[in-house]
Amino acid sequence: MKTLAIVVILFVGATLADVTPARLPEEFLQNLHKKVFQPRVVGGDYAASKQFPYQVGISTKKGGSFYWCGGSVISEEYVLTAAHCVAGEIQSVLLIFGATDRTNALQTGSSRQNITHIRDGQIIVHPLYNPMEITNDVALIKLNQKLEFSEFIKPALLPESGRFQTYDNSPAVLSGWGKVEDSGSVVQFLQYGYVTILDLNKCMQFYNTQEYDNGNICLDVENSGVSSCNGDSGGPLVSTVTGELIGVTSFGSTAGCTKGYPTGYSRVTHFREWIRFHTGL
């Protein structure tokens, strides 16, 4: 089984219809070929302000405890995240936009929405989500107020509907506030790392599951030297070739985040029609 969903418990605790979806900065793409992939802490490097304007921080309250996840802005009204982040009896959801410091509510360009009363249909979990196998691990959150887009907050670029691509061996970038070591906790400042997509058949050799189709993407953690970890769940994986949002952080190995095992993502192209059905995007 894919036994570890990458969620972590916290012990602390005007509309612009013509806005262009966020693309990775040109200097970021131009410097990709200069990057030397060296093994390092799983969280990667510190993100700069405005570097990942589609990144969302999500704190949920369930049964008196708080949990941390990530997400992606996909429109002025919707956030895409992992089903395991928002399934069950959610009491409240705090969403953080445009930030690199998740603890600073006054950070320039950032904004927050605190959903304390969750309406019917406001959290949309994929109807075939299987928490045991961690399949169809995607969900949508409809915001109470439409986002005001800026250079700090922009929607991710979604792939075209009806298109399938394996992305095998292609480069991508992940981001999140998840752990940077197995024994640590979620971090204060947004991290990112360059990764390579692993052939799905090779990925599934690491996991005892018979229920995968084309709904997953895996990262070649061993050779990339970078991995998502607890607290990164639901966060974005973006192709550095096309600039499109291609994955939603989903699962990893119970052996830990620093052992070199592949980490799994829900493949956005596989769920593109489901996203369109609920959002119109």
Side-chain angles (χ1 to χ4, degrees), residues 14-25 47-61 66-83 85-87 90-127 138-161 175-177 190 233-238 243-249 266 268 271-281:
T15 302
L16 299 177
D18 59 346
V19 170
T20 301
R23 295 183 180 272
L24 297 171
S49 178
K50 299 180 281 188
Q51 188 175 3
F52 301 104
Y54 47 80
Q55 177 76 49
V56 183
I58 302 174
S59 176
T60 58
K61 184 179 181 182
F66 290 89
Y67 299 84
W68 182 265
C69 278
S72 301
V73 174
I74 59 170
S75 77
E76 60 194 3
E77 291 185 277
Y78 285 95
V79 167
L80 179 65
T81 188
C85 288
V86 293
I90 303 292
Q91 296 163 283
S92 66
V93 181
L94 172 65
L95 300 110
I96 302 174
F97 305 96
T100 54
D101 181 352
R102 67 182 182 86
T103 67
N104 183 3
L106 301 178
Q107 184 176 7
T108 300
S110 68
S111 68
R112 299 183 173 214
Q113 289 194 30
N114 193 13
I115 304 174
T116 56
H117 176 69
I118 299 170
R119 307 186 308 273
D120 289 343
Q122 189 162 21
I123 294 179
I124 307 168
V125 174
H126 195 282
V138 290
L140 294 161
I141 302 173
K142 186 171 184 179
L143 304 177
N144 281 340
Q145 296 94 32
K146 290 185 178 182
L147 289 170
E148 294 186 9
F149 291 142
S150 67
E151 56 185 336
F152 297 92
I153 304 172
K154 296 180 182 180
L157 178 64
L158 290 172
E160 293 179 7
S161 186
S175 52
W177 286 273
L190 185 64
S233 279
L237 179 70
V238 169
E244 295 170 334
L245 178 67
I246 61 174
V248 176
T249 312
S266 297
V268 173
F271 301 101
R272 191 63 183 85
E273 282 304 314
W274 176 80
I275 293 170
R276 180 187 293 277
F277 176 80
H278 288 287
T279 67
L281 297 172

*For the atom pair OG (Ser72) and CG (Leu245), what is the distance rounded to the nearest 0.5 Å?*
4.5 Å
*Under 4.5 Å between any side-chain heavy atoms of Ile246 and Val238, yes or no?*
no
*Given the rule in the side chain to side chain contact (heavy atoms under 4.5 Å, CB included) test, do Ile275 and Val268 qualify, once you have shown the distances and angles that lead to the verdict?*
CA-CA 9 Å; Ile275 293 170; Val268 173; 4.2 Å; yes
*Return the minimal non-hydrogen interatomic distance between Ser110 and Ala99, and the atom names on each side.*
CB-CB, 3.9 Å
*Check: Thr60 side chain, Val86 main-chain N or O, donor-acceptor pair, under 3.5 Å*: no
*Taking atom types as modelled, is there a side-chain donor on Gln107 or Thr100 under 3.5 Å from an acceptor on the other?*
yes
_For a quick test of reading the model, state the closest non-hydrogen atom pair linking Val248 to Ala82 and the distance between them._
CG1-N, 3.7 Å
_Test item: Ser233 and Cys69 side chains (from C-beta on) under 4.5 Å apart, heavy atoms_ = yes
*Taking atom OH of Tyr78 and atom CG of Leu143, what is their separation to the nearest 0.5 Å?*
9.0 Å
*Kindly indicate, with the supporting measurements, whether the criterion side chain to side chain contact (heavy atoms under 4.5 Å, CB included) is fulfilled by Thr279 and Ser75.*
CA-CA 9 Å; Thr279 67; Ser75 77; 5.7 Å; no
_Whether Gln122 side chain and Lys142 backbone form a donor-acceptor pair below 3.5 Å_ = yes
*Is there a donor-acceptor contact under 3.5 Å from the side chain of Ser150 to the main chain of Phe152?*
yes
*Using 30° and 60° as the class limits, which term best fits the ring planes of His126 and Trp274: parallel, tilted or perpendicular?*
tilted
*Okay, side chain of Thr81, backbone of Gly70: is any donor-acceptor separation there less than 3.5 Å?*
yes
*What is the distance from atom CD of Glu77 to atom CG of Leu140, rounded to the nearest 0.5 Å?*
11.5 Å
*Spatial distance of atom CG (Leu158) from atom CG (Leu80) [nearest 0.5 Å]*: 7.5 Å
*Just jot down the side chain to side chain contact (heavy atoms under 4.5 Å, CB included) partners of Glu151, sequence neighbours excluded, or say none.*
Lys50
*Could you check if a side-chain atom of Val73 sits within less than 4.5 angstrom of a side-chain atom of Pro155, using non-hydrogen atoms only?*
yes
*Just how far is it from atom CD1 of Ile123 to atom CD1 of Ile115, taken to the nearest 0.5 Å?*
7.0 Å
*Grab the two heavy atoms, one from Phe149 and one from Glu76, that are nearest each other, plus how far apart they are.*
CZ-N, 3.4 Å
_Spacing of CD1 belonging to Ile58 relative to SG belonging to Cys85, to within rounding of 0.5 Å_ = 6.5 Å
*Quick one: are Val79 and Leu95 in side-chain contact, heavy atoms under 4.5 Å?*
yes
*asked:* Looking at every heavy atom in both Val125 and Ala87, which two are closest together, and how far apart are they?
replied: CG2-CA, 4.2 Å
*Below 4.5 Å, heavy atoms only, C-beta onward: do Gln91 and Ile118 meet side chain to side chain?*
no
_4.5 Å side-chain heavy-atom contact, Leu190 and Gln55_ = yes
_Tell me every residue that passes side chain to side chain donor-acceptor pair (under 3.5 Å) with Gln113, counting only those two or more places apart in sequence or in another chain._
none
*Take Lys61 and Tyr67, measure what side chain to side chain contact (heavy atoms under 4.5 Å, CB included) needs, and give me the verdict at the end.*
CA-CA 6 Å; Lys61 184 179 181 182; Tyr67 299 84; over 6 Å; no
*Are any of the side-chain heavy atoms of Arg112 and Ile96 separated by less than 4.5 Å?*
yes
*Which heavy atom of Phe66 sits nearest a heavy atom of Ser59, and at what distance?*
CD2-OG, 4.0 Å
*Using the test salt bridge (charged side-chain N to carboxylate O under 4.0 Å, His left out), find all partners of Glu244 that sit at least two apart in sequence or belong to another chain.*
Arg163
